[in-house]
> 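Below you'll find the structure I mean.
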Amino acid sequence: MGPLAVSWPEDPERLAAIQRDLAAATPPPWWPPRGRPILVGGCFCCSPRGTEGRGDAGDEVWAAAVTIASDTGRRVAARVHRGHAGAPYVTGQLARREGVALEAAVRALPVQPDVLLVNATGRDHPRRAGLALHLGAVLDLPTVGVTHRPLLATGAWPADTAGATSPVVLEGEVVGAWMRTRATRRPLVVHAAWRTTPDVAVEVVRLATRVYRTPLPLREARQLARRARGRMSSAASSTSEASKPHERADPAKDR
DNA sequence: GCGACAG
DNA sequence: ATCTTGTCGC
């Protein structure tokens, strides 16, 4: 795609209009090449600790993005971007809060992924265009949403075996799937988003998941964003910086 | 009063 | 998202 003029309007009604346009768009479907490794990206945005509730416009935020090779699980690129929230969190309008920062983090990646995981819904949305779908359109990248629970859609949990899935449906449309990435762990919801179907979303998450419940790209992006928040550098208001080369083997929690 | 709908 | 609390597993 590309011609579609998409942005991150601050006005809720302008965002709603864009979401309706995005929902009606018919970009070419994408799916992972069979039998060949791909680059799977992930991005994540967090706010200062102690900030409960919806937050406010102008809140400091940290957005991280990573690119990971699906065959080795190795990180090939990572960036953290410190910026500001465009709005408080409002159901159905997450794009206004996190869109700008997430876009900046992904664009800063020296190696772009083939497909991007986003901590948000896609078609499961009041206007069928959640942040995961919106971000894909803006970046011209296929996207898959991954959340802890649906926004509006419903569906029964899958069997308690690794890899099991069950449909998540919104008004008759299958918009995603519950997916048991790890046996005995709570399932995640994987969402069809920009240029992806529920089946493709499941396959991408399968390719990107290793030993943890959370797919590697999302897990690493989350770690990077929170680590950056912890450092609390006193740099200027908005800056992009390379990730540090070394790793910490921390048995961190995996919510 | 109750229930709740991404992050 | 963040907070709290509890439990399980390495």
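Here is how names work: the chains are called A, B, and so on, in the same order as the sequence lines, proteins then strands, and each is numbered from 1. The figures that follow rest on heavy atoms only: side chains count, while hydrogens, waters and symmetry mates do not.
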> May I ask you to say what A/Gly92 touches in the nucleic acid, namely base, sugar-phosphate or nothing, with a heavy-atom cut-off under 4.0 Å?
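Base, at least one base atom sits under 4.0 Å.
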
> For nucleotides B/dG1 and C/dT4, find the distance between their C1' atoms and express it as a whole number of Å.
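It works out to 25 Å between them.
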
> Output the rounded distance in Å from CD (A/Gln19) to C1' (B/dA6).
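The answer, rounded to whole Å, is 12 Å.
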
> Measure CD/A/Glu171 against P/B/dC5 and give the value in whole Å, please.
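One finds 15 Å between P of B/dC5 and CD of A/Glu171, rounded.
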
> Checking all strands, does A/Gly50 fall into the base, sugar-phosphate, or nothing category for heavy-atom contacts under 4.0 angstrom?
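Sugar-phosphate contact only - A/Gly50 comes under 4.0 Å of backbone atoms but never of a base.
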
> Separation of A/Arg49 atom CZ from B/dG7 atom P, in whole Å?
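Those two atoms, CZ and P, are 18 Å apart.
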
> Identify whether any heavy atom of A/Pro150 sits under 4.0 Å from a base atom; if not, whether one sits that close to sugar-phosphate; answer base, sugar-phosphate or nothing.
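Result for A/Pro150 = sugar-phosphate.
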
> Heavy atoms from C-beta onward define the side chain here; which of B/dA6, C/dT2, B/dG7 lies closest to that of A/Arg229?
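Of B/dA6, C/dT2, B/dG7, C/dT2 is nearest to the side chain of A/Arg229.
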
> Nearest of B/dC5, C/dT2, B/dG7 to any side-chain atom of A/Arg226?
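Looking only at side-chain atoms, A/Arg226 lies closest to C/dT2.
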
> With a cut-off of under 6.0 Å to the ring centre and 45° to the axis, is A/Arg219 in cation-pi contact with A/Tyr212?
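The answer is yes; both the distance and angle limits are met.
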
> What is the distance, rounded to the nearest whole Å, between atom CD of A/Gln93 and atom P of B/dA6?
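Checked: the CD to P distance equals 13 Å.
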
> Is the distance between the ring centroids of A/Trp8 and A/His134 less than 6.0 Å?
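Here the rings of A/His134 and A/Trp8 have centres that are less than 6.0 Å from each other.
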
> What distance, rounded to whole Å, do you find between the two P atoms, one in B/dG3 and one in C/dT2?
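About 27 Å, rounded to a whole number of Å.
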
> Measure CG/A/Leu133 against C1'/B/dA6 and give the value in whole Å, please.
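One finds 13 Å between C1' of B/dA6 and CG of A/Leu133, rounded.
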
> Name the nucleic acid region contacted by A/His191, choosing base, sugar-phosphate or nothing; use a 4.0 angstrom heavy-atom cut-off, strictly under.
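No contact at all - A/His191 keeps every heavy atom at 4.0 Å or more from the nucleic acid.
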
> Taking atom P of B/dG7 as reference, at what distance in whole Å does atom CG of A/Leu188 sit?
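Nearest whole value for this atom pair: 10 Å.
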
> NA contact type, A/Glu98, heavy-atom cut-off 4.0 Å: base, sugar-phosphate, or nothing?
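Sugar-phosphate only.
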
> Can you find a side chain N or O atom of A/Arg149 that sits less than 4.0 Å from OP1 or OP2 on B/dC5?
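Indeed not, no polar side-chain atom of A/Arg149 lies that close.
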
> Is any N or O donor-acceptor pair between the side chain of A/Thr121 and the base of B/dA6 shorter than 3.5 Å?
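Such a pair exists between side chain and base.
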
> From CD of A/Glu52 over to P of C/dT2, roughly how many Å is that when rounded to an integer?
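Taking CD of A/Glu52 and P of C/dT2, I get 12 Å after rounding.
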
> To the nearest Å, how far apart are A/Asp56 CG and C/dA1 C1'?
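Rounded to the whole Å, the gap is 13 Å.
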
> Nearest to the side chain of A/Phe44 - B/dA6, C/dA1, B/dC5?
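Nucleotide nearest to A/Phe44's side chain: C/dA1.
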
> Applying the side chain to side chain donor-acceptor pair (under 3.5 Å) criterion to A/Asp59, which one of A/Arg54, A/His84, A/Arg97 satisfies it?
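That would be A/Arg97; it is the only one of A/Arg54, A/His84, A/Arg97 passing the side chain to side chain donor-acceptor pair (under 3.5 Å) with A/Asp59.
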
> Nearest heavy-atom pair of A/Gly99 and A/Leu135: which atoms, and what distance?
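Of all heavy-atom pairs spanning A/Gly99 and A/Leu135, the closest is O-CD1, 4.4 Å.
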
> Under a 4.0 Å N-O cut-off, is there an ion pair linking A/Arg96 with A/Glu10?
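A salt bridge is absent here (no side-chain N lies under 4.0 Å from a carboxylate O).
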
